[in-house]
Visitor: 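This is the structure I want to talk about, given as structure tokens.
The analysis underlying the following values was restricted to heavy atoms, covering all of them including side chains, and did not include hydrogens, waters or symmetry mates. Chain A is the first sequence line, chain B the second, and so forth, proteins listed ahead of strands; every chain is numbered from 1.
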Amino acid sequence: MEILSLLKEKVQTGINDLYGAEADEKQIQFQQTRKEFEGDFTLVVFPFLSISKKNPVQTANDIGTYISANVSEVESFNVVKGFLNLKFTNSFWIGFLNRIAAKTNYGIKNEGESGKTVMVEYSSPNTNKPLHLGHVRNNLLGYSVAELLKANGHKVFKVNLINDRGIHICKSMLAWQKWGNGETPESTGKKGDKLVGDYYVKFDQEYKKEIAEFIAQGLKIEEAKDKAPLILEAREMLRKWEAGDREVVELWKTMNNWVYAGFDVTYATMGVDFDKIYHESETYKLGKAIVLDGLEKGILIQKEDGSVWADLTEDGLDQKILLRADGTSVYMTQDIGTAHQRFSEFKLDNHLYVVGNEQNYHFQVLKLVLKKLGYSWADHMQHLSYGMVELPEGKMKSREGTVVDADDLIAEMIKTAKETSQELGKLDGYSDEEIVNISKMVGLGALKYFILKVDPKKTMMFNPKESIDFNGNTGPFLQYTHARIKSIIRKASDAGIEVVSEINQNILLDKKEQDLVKQIANYPSAIEEAGNNYSPAVIANYIYELAKEYNQFYHDHHIMNEVNKDVQNFRLFISSKVAAIIKSSTKLLGMEVPERM
RNA sequence: GCCCCCAUAGUUCAAGGGAUAGAAUAGCAGUUUCCUAAACUGUAGAUCCAGGUUCGAGUCCUGGUGGGGGCACCA
């Protein structure tokens, strides 16, 4: 808040006046006053004791006296130990509300306002199997972070780099060729990504059988894995693909298109989108020229077999291969190329990669290699390294059938939302269309909030046996709060009462009302903090606090029955503001909120 | 073997070096002639262990224990 910078300034001059010494800006720490104490903002005075040469209470009293005399917005102060609690005047808070009254998009900056452009890469799936819960976290995070960056005024490009080539795709293709009997999504009624995924699993099963046979014949595991006919065939298929073999390329196109159609459905239900989609089949050769250039300049090294490496041992890391002996690229080479391509194509101030923390080392190396190659923009690459989603029995493993399928999970959430609504009788008398819409909003809202409220960096736990809650600190709680407010506003409107655009300066706010107004005032800084930290969790926590405050206010105060018109106007006004903030903040999490539920 | 990350109520999550470590859920006890009880109120319950730095440590440092991830001419 603007008032905070004013306070900091006054503290500085105050300390100068009182003790004749300069206070370091960093020493001036304001925090929100805790609920159990009287006040709005609190200054921690411990850092000034060496300057004041007095005890904490005396020092706090000195500064408090100075501030309340010199800042008209400060009504009173109190001191608890080394903490100076400042209380603002009633009219300060009313004034604040009147200042934001006309703002239709309070707290949100316009995209482009900051003058910065950011690229956010997220999702980036493989085309050999359907999306699972891990991808869901990635997608929701990527989407939400992109929205947060927009809300902070940046121009944002959302991009997806689809991994549509490589040995894993060939495995699905080969299995389909051998055992598919010409099955298609149409003939089976299966989603394309599911169908292809089934053949990926089929390959693995048959491959394992071959390995087991070889081991029974006395081969070592490594050797068996390397010599199994299926893997040899898959490699041959990859070779043919790279050589442009028509039949293989045709099959590859067909099956990939099945997968894309399936992904599109999942993306659409999750509500995520992209400004641009890259395909690895088109980018995997990028980077080779850059690497060869680096070799020529002596930044990279070449081994006897002709392979090219980056030597990072001086930086405490290993050597990293960048080109194979046969001159082909590896993953890292491609990332070097795509990064270069993007920074050349767009004027990017920042490039964020939303990728799991299992790839921390990869990104560390990527940045380092790019810097060694002399690209200063490498410093503007950020890895949003998010934690894994774990199940009670540990990591999800597709081979062991413990993956939580994205489509199944979403469908389950929507179904539960519908059942819960019906049990509570919430949707009685609603049209089928409304019931479907609201169930979708609530089910997805529960899922999205559940995932996004956790700090992205942390590993999170999901227990499929316990369905995601709809009570307490949940998405539906926020939606319910919104719907309740909308209901009041409708009732008011029916009674001929509209939300006012200015509040009477003379009404007195009680404690609960002040708490609510303070939380409203925190919205812009919550958006900034969430953007700076790439953390939707910051927003999630903020909305929850806001909704909780509102529900308490709602419980204790009447609106329609309030006889004092000014007070009624005020309560209707903050209700409407809270609803607007819930709507705009949940949107940053990719959630929708219903008008009623 | 080497490197990185994590450890908070029974459980799932919060806490920019600052006050008495917050919520939710599960448990217990309540609130509906009153704008939606998917709500509200009360109650009980936690910083892995041992040292250290600091006026002050869940947060920083060292060591240990436990868990996860990475160390491929896979992507």
Side-chain angles (χ1 to χ4, degrees), chain A residues 29 31 33-37 42 44-47 49-50 56 80-83 85 124 126 128 163 165-169 280 284 303 305 307-309 316-318 321-326 328-332 334-335 356-362 364 385 387-388 390 392 394-395 417 420-421 423-426 442 446 450 453-455 457-463 466 468-481 483-492 495 529 533 537-538 540-541 544-545 547-548 550-552 554-562 571-572 575 596-597:
Chain A
Q29 314 167 39
Q31 53 190 266
T33 304
R34 294 217 177 176
K35 284 275 170 55
E36 58 266 37
F37 303 105
T42 296
V44 185
V45 301
F46 293 105
L49 300 185
S50 57
V80 181
K81 294 186 214 167
F83 299 89
N85 301 320
S124 306
N126 291 350
N128 61 335
N163 178 10
R165 64 163 285 278
I167 192 75
H168 48 283
I169 315 296
E280 292 202 353
Y284 79 105
K303 298 205 171 172
D305 64 357
S307 57
V308 181
W309 298 69
L317 303 175
D318 303 328
I321 187 156
L322 298 175
L323 286 177
R324 298 187 183 101
D326 64 5
T328 55
S329 299
V330 295
Y331 180 43
M332 186 66 74
Q334 174 191 253
D335 271 359
N357 62 15
E358 63 211 339
Q359 294 199 37
N360 284 355
Y361 184 73
H362 172 80
Q364 199 186 345
S385 160
M388 302 286 100
E390 274 187 10
K395 207 184 172 185
T420 308
S421 301
E423 272 168 36
L424 295 170
K426 293 282 183 184
V442 174
F450 176 82
K453 78 170 183 189
V454 181
D455 183 334
K457 290 197 279 294
K458 292 194 175 171
T459 305
M460 66 176 289
M461 174 65 67
F462 175 78
N463 188 346
E466 299 167 13
I468 293 172
D469 247 303
F470 286 68
N471 296 325
N473 186 356
T474 66
F477 173 79
L478 309 178
Q479 293 168 319
Y480 174 70
T481 308
R484 257 180 158 184
I485 296 172
K486 286 297 184 174
S487 172
I488 294 182
I489 291 174
R490 278 193 301 272
K491 282 207 164 68
E529 191 189 337
N533 296 314
V538 169
N541 290 340
Y544 175 64
E545 284 304 319
K548 204 166 68 156
Y550 186 81
N551 278 308
Q552 290 165 357
Y554 178 95
H555 184 264
D556 297 343
H557 298 77
H558 291 286
I559 295 171
M560 295 308 291
N561 293 337
E562 174 57 48
R571 290 185 185 158
L572 203 55
S575 296
R596 37 186 200 163
M597 66 185 271

Visitor: Counting any heavy atom closer than 4.0 Å, what does A:M597 reach on the DNA or RNA strands: base, sugar-phosphate only, or nothing?
Guide: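 Contact class for A:M597: base.
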Visitor: Can you classify the ring geometry of A:Y544 versus A:F477 as parallel (below 30°), tilted (30 to 60°) or perpendicular (above 60°)?
Guide: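 Aromatic pair A:Y544/A:F477 classed tilted.
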Visitor: Across all strands shown, which nucleotide pairs with B:U8 by Watson-Crick or G-U wobble geometry, both distances under 3.5 Å?
Guide: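 Paired with no nucleotide.
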Visitor: Return the nucleotide paired to B:A14: Watson-Crick means purine N1 to pyrimidine N3 with N6-O4 or O6-N4, wobble means G-U with N1-O2 and O6-N3, both under 3.5 Å.
Guide: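 Pairing partner: none.
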Visitor: Please work out if A:S50 contacts a base, only the sugar-phosphate, or nothing of the nucleic acid, heavy-atom cut-off 4.0 Å.
Guide: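 Counting heavy atoms under 4.0 Å across all strands, no contact is made by A:S50.
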Visitor: Regarding A:F477, tell me which of base, sugar-phosphate or nothing describes its non-hydrogen contacts under 4.0 Å with the strands shown.
Guide: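 Here A:F477 touches the backbone only, sparing every base.
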Visitor: For the pair A:R571 and A:E562, find out whether any cationic side-chain nitrogen is under 4.0 Å from an anionic carboxylate oxygen.
Guide: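 Counted as a salt bridge, because a side-chain N and a carboxylate O are separated by less than 4.0 Å.
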Visitor: For the backbone of A:A417 and the side chain of A:S421, can you confirm whether one donor and one acceptor N or O come within less than 3.5 Å of each other?
Guide: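 Pair found, side chain donor or acceptor close to backbone of A:A417.
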Visitor: Checking all strands, does A:Q29 fall into the base, sugar-phosphate, or nothing category for heavy-atom contacts under 4.0 angstrom?
Guide: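 Base contact.
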Visitor: So, does the side chain of A:T42 form a donor-acceptor pair with the base of B:A19 at under 3.5 Å?
Guide: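 Present.
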Visitor: What is the nucleic acid contact for A:Q479, judged by heavy atoms within less than 4.0 Å: base, sugar-phosphate only, or nothing?
Guide: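 Result for A:Q479 = nothing.
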Visitor: For B:C73, does the base pair up with any side-chain atom of A:D305 as donor and acceptor (N or O, under 3.5 Å, distance only)?
Guide: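 Between B:C73 and A:D305, which were checked side chain against base, a qualifying N/O pair under 3.5 Å is present.
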Visitor: Do A:F83 and A:F37 have ring centroids that are under 6.0 Å from one another?
Guide: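 Distance test on ring centres: not under 6.0 Å, no.
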Visitor: Do A:T474 and B:A24 have a side chain to base donor-acceptor pair shorter than 3.5 Å?
Guide: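 Such a pair does not exist between side chain and base.
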Visitor: Just to be sure I understand the rule, does A:A483 reach a base, reach only the sugar-phosphate, or reach nothing, if contact means heavy atoms closer than 4.0 Å?
Guide: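 Base: the residue A:A483, judged by heavy atoms under 4.0 Å, touches a nucleobase.
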Visitor: Can you figure out which of B:A37, B:C74, B:C55 approaches the side chain of A:F46 most closely?
Guide: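 Closest of the options to the side chain of A:F46: B:C55.
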Visitor: Identify whether any heavy atom of A:Y554 sits under 4.0 Å from a base atom; if not, whether one sits that close to sugar-phosphate; answer base, sugar-phosphate or nothing.
Guide: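 Base, at least one base atom sits under 4.0 Å.
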Visitor: Could you tell me how far apart A:Q359 (CD) and B:C74 (P) are, to the nearest whole angstrom?
Guide: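 Atom CD in A:Q359 sits about 16 Å away from atom P in B:C74.
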Visitor: Would you classify A:N463 as touching base, sugar-phosphate or nothing, given that sugar-phosphate means primed atoms plus P, OP1 and OP2, and contacts are heavy atoms under 4.0 Å?
Guide: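 Since no nucleic acid heavy atom lies under 4.0 Å of A:N463, the category is nothing.
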